[in-house]
Every structure is written in structure tokens, then in C-alpha cells.
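First the proteins, then the strands, lettered A, B, ... as listed; each starts at 1.
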There are 2 protein chains.
Amino acid sequence: MAARIDDVARRAGVSTATVSRALRGLPSVAAATRTRVLQAAAELDYIASPSASSLASGHTRTIGLVTPSVSRWFHGHVIEGAERTLRAAGFDVLLHALMLDASMSRASIDPTVLRRRVDGVLVVGLPVSEEELAALEGLGVPLVFVGAGPPGHVRVHMDDVGAARMVVEELVARGHRRIGQVQGTPTHSVPWSPAVERAQGAEAGFAAADTVIDRDDRPVEHGDFSVEGGRAAAARLLDRDPGLTAVYAHSDEMAFGVLAELEDRGVRVPEDMSVVGIDGHDLGGLVGLATMAQDASGQGAVGATLVLEMLAGAAVGPDVLYPVTWVPRRSVAPVRTAAG
Amino acid sequence: MAARIDDVARRAGVSTATVSRALRGLPSVAAATRTRVLQAAAELDYIASPSASSLASGHTRTIGLVTPSVSRWFHGHVIEGAERTLRAAGFDVLLHALMLDASMSRASIDPTVLRRRVDGVLVVGLPVSEEELAALEGLGVPLVFVGAGPPGHVRVHMDDVGAARMVVEELVARGHRRIGQVQGTPTHSVPWSPAVERAQGAEAGFAAADTVIDRDDRPVEHGDFSVEGGRAAAARLLDRDPGLTAVYAHSDEMAFGVLAELEDRGVRVPEDMSVVGIDGHDLGGLVGLATMAQDASGQGAVGATLVLEMLAGAAVGPDVLYPVTWVPRRSVAPVRTAAG
DNA sequence: TTGTAAGCGTTATCAT
DNA sequence: ATGATAACGCTTACAA
């Protein structure tokens with residue numbers, strides 16, 4: 001029932017080859033011919049069969065998005081930004097979510113579902129293992145990492161080390177000397193994951209404050225980048241070290257959990273405790289959470305652009321560093337003096 | 001370089017037809033033959049070309065997800081639930097997001113990108129216009145609506161009318177008589193959108209309280225289901241009617257905006273003002289927001305299951321109503337007495 | 001600039 | 001239960 005390419009060809013009085021060329025905007029078609037073909041196609045409401053053209057051409061005009069989450073702030077926004085850019089360029093988006101299972105570990109990337117299906121892959125906020133990386137490369141299509149990616153590969157991400165360090169500096173500048181951390185827990189512990197890099201950055205911040213902060217007084221707990229994880233980590237931190245004046249969570253979502261725990265315990269923010277996060281979550285303003293903000297959907301868009309450029313044969317540099325912005329809010333204040 | 005079906009056929013010593021049958025688990029294949037084929041396929045790391053099999057079979061093993069957002073709570077969770085279910089069933093997910101543009105209106109659904117590409121469509125939290133509905137039906141594939149859908153179509157959603165009514169009842173039961181509403185604003189104003197149905201439900205709740213609440217004392221403002229919209233609406237509400245004791249936002253995200261505005265104005269919650277939302281947003285607990293909660297990812301999973309069943313030829317009922325749960329939190333309290 | 005015709009890699013029909 | 005073979009609907013050399 002749906003019109004096929006030879007219906008259009010017949011109607012326009014040309015060959016199917018010409019229809020194909022005209023519809024795809026290839027150069028070697030006479031203007032008059034093209035008009036005629038376009039007209040005929042429109043009249044028949046013709047759309048080329050994607051499977052047929054993929055089979056014949058060898059490419060799918062589809063980009064795979066591999067992500068461990070859709071609902072989390074960073075991933076949702078990156079996906080949104082990437083989708084918009086890809087669709088605008090006429091590409092489809094195949095969503096491949098690898099949810100965490102009950103044991104907090106996630107399914108491995110299944111490259112078989114991507115094989116022959118996509119022209120390129122965007123890996124969103126997902127530290128991949130060596131085997132997964134090999135599998136992804138085995139796909140033989142452009143590969144771009146957003147949020148974090150192995151060095152040497154094309155990636156767009158914030159400066160995790162720098163951002164984390166700056167946060168510590170902000171706290172130190174406000175007189176905080178007893179700072180607890182809620183770090184992220186990477187699923188696959190690779191050295192380039194945000195969890196690890198933010199930890200390193202914080203470390204660097206502390207190192208710079210070596211003269212004022214005791215090396216042994218830098219308590220750390222782990223939340224797994226989730227609200228509940230952050231809450232539990234905060235609980236452990238507070239139990240262990242009642243003298244803290246600030247908690248630095250390595251993501252806003254964990255910081256939310258920290259705030260919840262503090263509220264439950266009647267610890268006032270910022271009077272008794274300053275709290276900082278990283279990310280720039282939309283709802284940070286609601287609870288007055290100071291943070292180091294990044295633009296997630298912007299990174300998604302850039303990542304998408306990069307795959308498209310690689311597809312077009314352009315040589316793209318391996319690293320796009322995205323800027324962060326310090327967003328001071330009421331959750332962080334100068335440490336109260338002993339007299340206060 | 002990648003193995004094709006005749007490579008497998010040759011290696012297993014059978015015809016390509018048998019390989020195809022064996023690999024797809026069709027019944028009429030001898031056990032021994034199947035084993036041999038499976039073995040050969042595994043050795044060659046063979047995966048059937050999706051485009052080729054789509055072209056030959058006429059179906060794509062792909063479901064389209066049409067949504068106006070990825071980053072909003074409801075949509076993100078529905079997508080997550082649906083994706084998981086679809087992938088488990090061996091289906092791919094094509095993400096089609098229709099972002100809002102600057103003018104707050106959204107792009108129309110472009111059915112051409114879905115044509116011949118998907119075996120079924122899941123419309124997520126999107127009130128579609130008559131034309132869009134016609135276009136979607138024109139696809140000729142199973143169509144399921146999650147979150148809200150036109151009557152008579154297959155849909156899974158919460159009881160918006162009932163939930164909204166129950167919220168009003170909860171407030172009335174706590175003595176509130178001056179209740180302001182922040183309603184949602186549907187992009188396409190269809191009678192079955194959550195915005196409209198929640199408004200109707202609230203209306204019904206007020207009607208039941210007719211003897212205690214003046215008909216003319218039910219102020220309403222509109223936020224567009226966003227935090228900022230909710231905040232602006234709350235501002236208008238408060239300016240207009242300083243005597244309110246409760247604000248009922250028709251979504252948690254708008255309620256967050258209401259809370260932010262109240263805090264800015266120094267209005268204490270719940271001492272001076274009770275606030276309620278609808279949805280069960282993950283971060284509601286953080287700010288103590290009482291709400292009528294629904295299970296978004298569950299609805300996504302059910303929606304996915306329905307498309308799959310329709311694909312399998314099952315007759316599915318047109319309506320799956322999803323239960324809601326009242327979640328009392330500290331943002332709602334009995335109205336303070338005049339003496340209080 | 002346009003047409004002819006050979007793929008592209010499966011599935012499905014019809015025999016056997 | 002298995003094999004031949006004709007679709008499936010397009011793209012792309014190669015010719016003209």
C-alpha cells in the first residue's frame with residue numbers, strides 16, 4: 001500500500017536511480033528533474049524504507065545512546081541535548097539503557113544489539129570496562145564519550161579534577177578546616193571516572209591547604225551518586241566525626257541526601273554545617289544547595305555534534321573540556337567562630 | 001568481514017533457510033541440526049543484519065518512544081521502565097523527543113521518522129492533537145499511551161480525576177477552607193490531558209465541600225508543570241489572595257516552585273501554609289512535600305508490555321488505571337486556628 | 001545528466 | 001525437516 005521508489009519513478013517519468021539521487025539531494029540531478037521527482041514523491045507521500053536503504057547503503061542514520069540511567073539528572077539532560085541535535089541532523093536515536101540491578105552492579109554493554117544497527121555511539125556518563133571498550137571499538141563506528149571517557153578517546157566532559165579542587169578551596173576560603181566528603185562510587189573502577197577524578201581533585205585541594213588541615217583529618221565516605229547513598233554516607237560521616245563543619249558531596253544528588261540526613265538530625269545548614277555539591281541540578285536552588293555547575297544538555301549536544309563530524313570524516317580532537325561555574329547558595333557559609 | 005548467513009550455512013552444512021529457522025527458534029528444525037547451526041553461528045560470531053531481516057520480514061523489532069521530555073521526572077521514569085521491558089523482550093527502543101521550543105509550544109510529532117521504522121509506538125505523557133493522533137494511527141502499528149491518552153485508545157495512566165479529588169479532600173479534612181491551586185497548562189488543550197482531568201478532580205473535591213467552601217473562593221493559577229511555572233503561579237496566587245491557608249499544586253515539580261516562592265517570602269510551611277503536590281517525585285521527601293504518588297516506571301513497563309501483547313495479536317483492554325498512594329509529609333498540616 | 005542492473009543479507013513460499 | 005529461490009526496496013557502480 002505504501003508507495004515505493006518505482007511508483008515515484010513511474011510518476012515522475014524517470015528511473016529509480018534518479019529518484020534516489022534526487023531525493024537524497026545528490027548533485028548530479030538536473031533542477032527540473034529534481035523538482036519533478038520531489039513533486040511526485042510528495043503526491044504519493046513517499047518515504048524511503050529505512051531498512052532497504054540501510055541494507056543497500058550500509059549505514060543506518062541512527063546513533064546509539066548507551067547510558068546507565070535515564071532518570072538521573074546528568075543522564076536525562078545529556079540524552080535530551082544529544083537527541084535534539086541528532087534529530088535536527090536527520091539521525092535517529094537508539095536508546096540503550098543499562099540499568100543497575102539489585103546488587104548495584106549493572107549489566108554489561110551488549111554490543112550485539114548495536115552491531116549493524118548504528119552509525120555511531122555516544123556513551124553517556126558511564127565508566128566502561130576494558131572489555132566493554134574493546135567491544136564498543138569493535139563496532140567499527142565513531143565513538144564519543146560524554147561525561148567521562150577513557151583518555152585518548154573522543155570525549156566531552158567537565159574538568160572533574162579542577163572542579164572538585166575548586167570546591168575544596170571555596171570551603172577552605174570560608175574557614176572550614178574539618179571537611180567530610182561523600183564521594184561517588186564508580187561501578188567499574190577505572191582511573192578516569194568522575195568518581196575517581198573528583199576524589200583526586202579534592203585531594204589536590206586539601207594538599208594545597210596542607211598547612212591548615214591535618215592530613216589525617218579528611219574523613220571520606222561513599223554514596224553511589226544517589227540520594228539514598230548520600231544520605232547513608234552522611235550518617236556514617238556524622239557518627240564517626242561529630243566535629244565536622246562542612247560536608248562536600250561529589251554530586252548534587254548525593255548532597256540532597258546529605259541535607260536530608262542533616263535535617264533529620266536537627267543539624268542546621270549552614271549554621272552548624274555547610275554543604276556543597278557538584279553538578280548544578282535543577283532543584284539545587286530549591287534547597288539552597290551551593291554547587292559547581294556544569295551544562296549537561298550542552299555536553300550532550302556537543303557530543304552529538306562530534307559523532308556527526310566524525311561520521312563526516314572530520315578529524316576531531318580527543319578532548320572537549322566543558323567549563324563549570326561556581327554557584328554559591330545558602331548551604332555554604334563561613335565557619336562559625338568558637339565564640340559564635 | 002562480518003559473517004553472513006551463508007557463511008554459517010556452509011559451516012553447518014545446511015541451507016541458509018535452515019540457518020534462519022534455527023537461529024530464530026522456529027519449530028520445524030531437528031534438534032541436532034539446530035545445535036550444529038548454533039555452534040557454527042557462535043564460532044563465526046554471527047549476528048543477523050537487522051536491516052536485511054527487517055526488509056525481508058517487514059518488521060523491525062523496534063518500538064518508538066514519543067515524549068516531550070526526557071529530563072522531567074515522569075517522562076524519565078516512564079522511559080526507563082519501558083526501555084527495560086522492551087529490551088528484555090529483545091526489542092530496540094527508538095527515542096523520539098519533541099522538545100518545547102522557546103515559545104513553550106512544542107514541535108509536532110513527525111510521523112515520517114517513525115514510518116517503516118517501528119513495530120509499535122509508546123506515547124509518553126503527551127497530549128496529542130487530533131491531527132497527530134491521526135498521523136500516529138496512520139502508522140498502522142500498535143499504539144499505547146502512557147500517562148494520558150485519548151479515550152478509546154489503549155492507555156495506562158493514573159486516575160487523575162480521583163487523585164486530584166482526594167488531595168482536596170485531604171486538605172479539607174484538615175480544616176483548610178481557603179485553598180489556592182496551581183494547575184498545569186496543557187500544550188494541546190485536549191479534554192483528557194492530566195492538566196484538565198486534575199482540574200476536574202479538584203473541582204469535584206470542592207463540590208463535595210460546597211457547604212464549607214465558598215464557590216467564589218477557589219483561586220486558580222497556571223504553572224506549566226515546571227518548577228519555574230509553579231513558582232510564578234504561586235507568586236500570583238499570594239499577591240491576589242493573602243488569606244490562603246493551603247496551596248495545591250497539580251504536580252510535584254510545580255509544588256517545588258511553590259515551596260521556593262513561599263520560602264522567599266518568608267511564609268512558613270506548614271505553619272502558615274500547607275502545600276501538596278501530585279506525582280511522588282523522588283526529591284519530594286527532601287523538602288517534606290506531601291503528595292499523591294504514582295509509579296511512573298511501573299507504568300512505563302506496563303505500557304511496554306501492552307504494545308508487545310498487541311504485537312503478539314492479543315486483544316488488550318483500552319484502559320489500565322494505575323493506583324496512587326497518599327504520601328503525607330510535613331508540608332501539610334491542619335489549618336491553624338484563629339487562636340493559634 | 002540519466003538509465004541499467006547488480007548487489008545488499010535476510011525471510012518466506014513452495015517443493016521435496 | 002530441509003532446500004531452492006523469489007521477493008523485500010533501495011543504492012551504486014558502470015554505461016550511455
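- Between A:Leu55 atom CG and D:dT11 atom P the separation is 11 Å, expressed in whole Å.
- To the nearest angstrom, P of C:dT11 lies 8 Å from CG of B:Leu23.
- Using a cutoff of 4.0 Å between basic side-chain nitrogens and carboxylate oxygens, A:Asp45 and B:Arg115 are scored as salt-bridged.
- Inspection of the A:Thr16 and A:Asp6 side chains reveals no N or O donor paired with an N or O acceptor under 3.5 Å.
- Each of C:dG3, D:dG9, C:dT2 was ranked by its minimum atom distance to the side chain of A:Ala52; first place goes to D:dG9.
- Taking atom CZ on B:Arg24 and atom P on C:dT10, their separation rounds to 11 Å, with Å as the unit.
- When the P atom of C:dC8 is taken as reference, atom CZ of A:Arg116 falls 12 Å away, rounded to whole Å.
- If you check every strand for non-hydrogen atoms under 4.0 Å, A:Ala17 touches a base.
- To the nearest angstrom, P of D:dC10 lies 14 Å from NE2 of A:His59.
- Nearest to the side-chain atoms of A:Ser28 among the listed nucleotides C:dT10, C:dA12, C:dT2 stands C:dT2.
- Judged by closest nucleotide on DNA chain D, B:Ser57 is the one of A:Thr16 and B:Ser57 placed further toward the 5' end.
- In this structure, A:Ser49 does not reach the D:dG9 phosphate: none of its side-chain N or O atoms is under 4.0 Å from OP1 or OP2.
- When distances run from any side-chain atom of B:Arg4 to the nucleotides D:dT11, D:dG9, C:dT10, the shortest one goes to C:dT10.
- The phosphate of D:dG3 has OP1 or OP2 within less than 4.0 Å of a side-chain N or O from B:Thr18.
- Nucleic acid contact for B:Ser54: none, since no nucleic acid atom lies under 4.0 Å from a heavy atom of the residue.
- Nearest to the side-chain atoms of A:Ser20 among the listed nucleotides D:dT11, D:dG3, C:dT4 stands D:dT11.
- The shortest distance between the side-chain N/O atoms of B:Ser53 and the OP1/OP2 oxygens of C:dT10 is not below 4.0 Å.
- Rounded to whole Å, the distance from CZ on A:Arg21 to P on C:dG3 is 8 Å.
- Here C:dT11 presents its P atom at 14 Å from CG of B:Asp119, a figure rounded to the nearest Å.
- Note on B:Arg117 versus A:Asp92: salt bridge recorded, some NZ/NE/NH1/NH2 to OD/OE distance being below 4.0 Å.
- Side-chain proximity of A:Ala56 to the nucleotides D:dT11, C:dT2, D:dA1 is greatest for D:dT11.
- Evaluated for a side chain to side chain contact (heavy atoms under 4.5 Å, CB included) with A:His153, the options A:Val123, A:Val128, A:Asp319, A:Leu133 yield exactly one hit, A:Leu133.
- Taking atom CD1 of residue A:Ile5 and atom C1' of nucleotide D:dT12, one finds them 12 Å apart after rounding to whole Å.
- Residue contacts shown for A:Leu26 are absent, as no nucleic acid heavy atom lies under 4.0 Å away.
- At distances below 3.5 Å, at least one donor-acceptor pair connects side-chain atoms of B:Arg34 with backbone N or O atoms of B:Leu26.
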